[in-house]
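Everything on this sheet refers to the single structure shown next.
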Amino acid sequence: MALQRKYLIWDFDGTLAYRPGQWSGAMAQVLHRFAGLEVDPASLRPSLQKGFPWHTPDRVNPPMLAAADWWDSLLPVFEDAFVGCGLTPDRAKALAGNVRPTYADVAEWRLFEDTKDVLKGLLDEGWKHAILSNHVPELRSLVDGLGLSPLIDRIVNSAETGFEKPHPGAFQAALSSLDDPAEVWMIGDSINADILGAESVGLRAILVRCKDPRAQRIAESLSDVRRFIG
Ligand SMILES: [Mg+2]
């Protein structure tokens, strides 16, 4: 009989790791480094509320062939945001290519304080870890650069599969990547993408790092997930 395994599927951004300043912060860094402009990241935020694949999770994209194509489809979003800061369209176009290396620079990413210890502890307790993330194509190298690779069994990334959480296809892609899963939980910080999405395909889910009345289970900290998974 095949060995049955217990899996925890983790969201990445806002759950295991974060990029201080997020997208607007990265865009402001580009303006600072490459144009010498000081822009309040908050002023960039409104133009970044649409245009990313995870803003339209109902739309399924073809599986990614090349990371460059994934990023190219976002160039108009970056350009519009820069134009909104007063740059000419030509200048905005010239700067937009700098967003990719700036956002995906692992030196800009941080693990939450509890991430490694909790993942290690749960591994010792017999759980295997997977990551299911709506993310940029560089997710795998970010996970590796942050030192998480030895702890993570599977990585399923929307940039590669074309399915953005909470689309059921995202969770099905994660589930089908697992070997003989006997027990599976989804853990994440987004009530819509992680929790309600997982529950819509029958997975049990735990909301972490924030609160929402729609969540059946809320863990105060990552280690607090043990309270639910037994
Ligand atoms: Mg998240």
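Counting starts at 1 for both ligands and their atoms, following the listed order.
Within the 6.0 Å centre-distance limit, the rings of H135 and F12 are counted as a close aromatic pair.
Sorted by chain and number, the protein atoms of type N, O or S within less than 2.8 Å of the Mg ion (ligand 1) are D11 OD2, D13 O, D189 OD1.
With a 6.0 Å radius and a threshold of 12 heavy atoms from other residues, nucleotides or ligands, R59 has its CZ atom at or below the threshold.
Between the side chains of D144 and S149, at least one donor N or O sits under 3.5 Å from an acceptor N or O.
The stretch residues 130-142 participates, sequence neighbours left out, in these salt bridge (charged side-chain N to carboxylate O under 4.0 Å, His left out) pairs: R100-E138. Annotation: ring pair (Phe, Tyr, Trp, His ring centres under 6.0 Å) contacts involving residues 81-108, sequence neighbours excluded, comprise W23-Y103, Y103-W109.
Partners of F163 under the ring-ring contact (aromatic ring centres under 6.0 Å, His included) rule, at least two apart in sequence or in another chain, are H167.
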